[in-house]
Novice: 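Have a look at the structure that comes next, please.
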Amino acid sequence: MSEKTPKKAPVGYDDTPMLPGSKWRVHDARRPQPTIVRPGTSSSQDAPGQPPSDAIVLFDGQDTSAWVGRDGGPIQWKVQDGAVEVVPRTGSIETKEHFGDCHLHIEWAAPAEVKGESQGRGNSGVFLLGKYEIQVLDSYDNITYADGHTSAIYGQYPPLVNASCGPGEWQTYDIIFVAPRFEGQKLITPAYATVLHNGILVHHHQAILGPTGHKILASYDVPHDPTGPIVLQDHGDLVRFRNIWLRPIKGYDQK
Ligand code: MG
């Protein structure tokens, strides 16, 4: 009795329709396999999770060597208990490396001791390309103008919902940012942001009106590079950050 060789399932085809605008067929056998990435783990209030295996780690709880002051000098923020904390009036900090389209993961906590109100409570910010602010604020039981709440695209779009944890608790942002594109002086496509706050969608592919400002209508007056630093804002409040990592987005318009 001969044993039957099990029939191998085909790995793709070479006689299927071409995908529009692409060099690949539907189920193309020759199409490259996706790169393997080991997923990270979730954070808890007690401990930050692990970043995905291919993430660029910008702050691991101790090492601030990825960061400089906005004047290019060493940062003067305080590293303590696995977090880096704003030291008021020492200035905002920024990454040495510049990034463009990316997925940025960052965790932050407003002071446990509630002081101030509206924009004066746990205010900081995460700036993509050093220009586009996702607001950080203690928005738990705190009324302020809607486009200034935490996770707002500041001065433009309030979050879809207020997903805030309480003061002192660790909160997460996952920001998927696409930089604007210019040709010469002309804007071709605006910046876009998709943001999850504590795992909850608060912006979905939101087109941004222009670089962030205060009490102004943002616009793309001045063309700029498609990359820039990640900036964390010193707004005078004792906000802490931990577990900051980034994955550049490559090939999302894959052909
Ligand atoms: Mg701010």
Side-chain angles (χ1 to χ4, degrees), residues 19-22 24 32 34-35 37 39-40 51-52 54-59 66 92 94-108 124-136 147-161 163 171-213 216-233 241 243-255:
L19 288 160
S22 170
W24 306 114
T35 304
V37 174
D54 66 344
I56 297 169
V57 175
L58 297 173
F59 179 63
S92 300
E94 66 180 47
T95 53
K96 292 175 186 167
E97 196 172 343
H98 286 197
F99 303 100
D101 304 344
C102 66
H103 170 188
L104 173 67
H105 175 92
I106 186 162
E107 304 181 16
W108 60 272
S124 181
V126 179
F127 288 75
L128 286 298
L129 269 62
K131 296 178 189 301
Y132 301 91
E133 183 182 14
I134 305 300
Q135 171 72 313
V136 168
D147 63 21
H149 264 302
T150 207
S151 78
I153 297 172
Y154 184 78
Q156 301 182 23
Y157 297 101
L160 296 172
V161 293
Q171 313 202 37
T172 64
Y173 281 172
D174 285 277
I175 301 168
I176 290 89
F177 182 80
V178 177
R181 302 299 201 266
F182 297 90
E183 264 176 30
Q185 297 297 304
K186 196 174 158 221
L187 178 74
I188 303 301
T189 50
Y192 290 97
T194 298
V195 181
L196 291 104
H197 177 200
N198 296 325
I200 292 169
L201 186 73
V202 291
H203 298 287
H204 178 219
H205 195 57
Q206 178 63 59
I208 298 178
L209 298 173
T212 301
I216 57 140
L217 177 60
S219 65
Y220 293 99
D221 293 337
V222 184
H224 59 73
D225 290 343
T227 63
I230 306 296
V231 174
L232 304 182
Q233 184 184 45
F241 295 90
N243 198 21
I244 310 172
W245 54 259
L246 179 147
R247 298 185 64 252
I249 303 174
K250 293 176 205 151
Y252 68 92
D253 54 352
Q254 57 183 312
K255 294 276 172 25

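Atom set for the values below is all heavy atoms of this structure, side chains included, hydrogens, waters and symmetry mates excluded.
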Novice: Can a donor-acceptor pair be found, under 3.5 Å and without considering hydrogens, that links the side chain of Ser124 to the backbone of Gln233?
Specialist: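 At least one qualifying donor-acceptor pair exists.
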Novice: Once rounded to the nearest 0.5 Å, what's the spacing between atom CG of Asn198 and atom OG1 of Thr172?
Specialist: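 If we round to the nearest 0.5 Å, Asn198:CG and Thr172:OG1 are 4.5 Å apart.
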Novice: Calculate, to the nearest 0.5 Å, the distance between atoms CG and CZ belonging to Leu104 and Phe99 respectively.
Specialist: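 That separation rounds to 9.0 Å.
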Novice: Tell me the closest heavy-atom pair linking Trp245 and Pro51, and the distance in Å.
Specialist: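 The pair with the smallest heavy-atom distance is CD1-CB, 3.5 Å.
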Novice: If you measure from CD1 on Ile175 to NE2 on His105, what distance do you get to the nearest 0.5 Å?
Specialist: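 Nearest 0.5 Å value for the CD1-NE2 distance: 10.5 Å.
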Novice: So, does Asp101 use its side chain to make a donor-acceptor pair with the main chain of Ala179 at under 3.5 Å?
Specialist: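 Yes; judged by distance alone, with no hydrogens or angles, the pair exists.
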Novice: Does a side-chain heavy-atom distance below 4.5 Å link His197 with Tyr173?
Specialist: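 Yes - at least one pair of side-chain heavy atoms lies under 4.5 Å apart.
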Novice: Are any non-hydrogen side-chain atoms of Asp147 and Ile153 less than 4.5 angstrom apart?
Specialist: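 Side-chain contact under 4.5 Å: no.
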Novice: For residues 125-136, dump all side-chain donor-acceptor pairs below 3.5 Å to protein atoms at least two apart in sequence or in another chain.
Specialist:
{"unit_1": "Tyr132", "atom_1": "OH", "unit_2": "His224", "atom_2": "NE2", "d": "2.7"}
{"unit_1": "Gln135", "atom_1": "NE2", "unit_2": "Gln119", "atom_2": "OE1", "d": "2.9"}
{"unit_1": "Gln135", "atom_1": "NE2", "unit_2": "Gly148", "atom_2": "O", "d": "3.2"}

Novice: Would you confirm whether His103, through its side chain, and Ala55, through its main-chain N or O, come within 3.5 Å as a donor-acceptor pair?
Specialist: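 Such a contact is absent between His103 side chain and Ala55 backbone.
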Novice: I want to check something: taking the side chain as every heavy atom from C-beta on, are Ile56 and Pro248 in contact at a cut-off of under 4.5 Å?
Specialist: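 Yes. Closest side-chain heavy atoms under 4.5 Å.
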Novice: Let me see the working for Thr227 and Asp225 under side-chain hydrogen bond (donor to acceptor under 3.5 Å, both in side chains), right down to the final yes or no.
Specialist: CA-CA 5 Å; Thr227 63; Asp225 290 343; 5.2 Å; no
Novice: Please report the interatomic distance OG1(Thr194) to NE2(His204), rounded to the nearest 0.5 Å.
Specialist: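 That separation rounds to 5.5 Å.
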Novice: Can you name the nearest heavy-atom pair linking His98 to Lys96, along with the distance?
Specialist: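 That closest heavy-atom pairing would be CD2-O, 3.6 Å.
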Novice: Which heavy atom in Ala152 sits nearest to a heavy atom in Pro158, and how many Å separate them?
Specialist: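 Heavy atoms only, the tightest pair is CB-CA, 4.1 Å.
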Novice: For a quick test of reading the model, state the closest non-hydrogen atom pair linking Gln171 to Ala163 and the distance between them.
Specialist: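 Scanning both residues completely, I find the closest heavy atoms to be OE1-O, 4.4 Å.
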Novice: Roughly how far, to the nearest 0.5 Å, is CG of Asn243 from CH2 of Trp108?
Specialist: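 Those atoms lie 15.0 Å apart.
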Novice: Less than 4.5 Å apart, side chain to side chain, heavy atoms only: is that true for Leu246 and Phe177?
Specialist: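 No; the side chains remain at least 4.5 Å from each other.
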Novice: Roughly how far apart are Ile176 CD1 and Gln206 CD, rounded to 0.5 Å?
Specialist: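 Interatomic distance, Ile176 CD1 to Gln206 CD, rounded to 0.5 Å: 14.0 Å.
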Novice: What heavy-atom pair brings Ala218 and Pro211 nearest, and what distance separates the two atoms?
Specialist: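 Residues Ala218 and Pro211, closest heavy atoms: CB-O, 3.3 Å.
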Novice: What heavy-atom pair brings Ile244 and Ile106 nearest, and what distance separates the two atoms?
Specialist: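 The answer is CG1-CG1, 3.7 Å.
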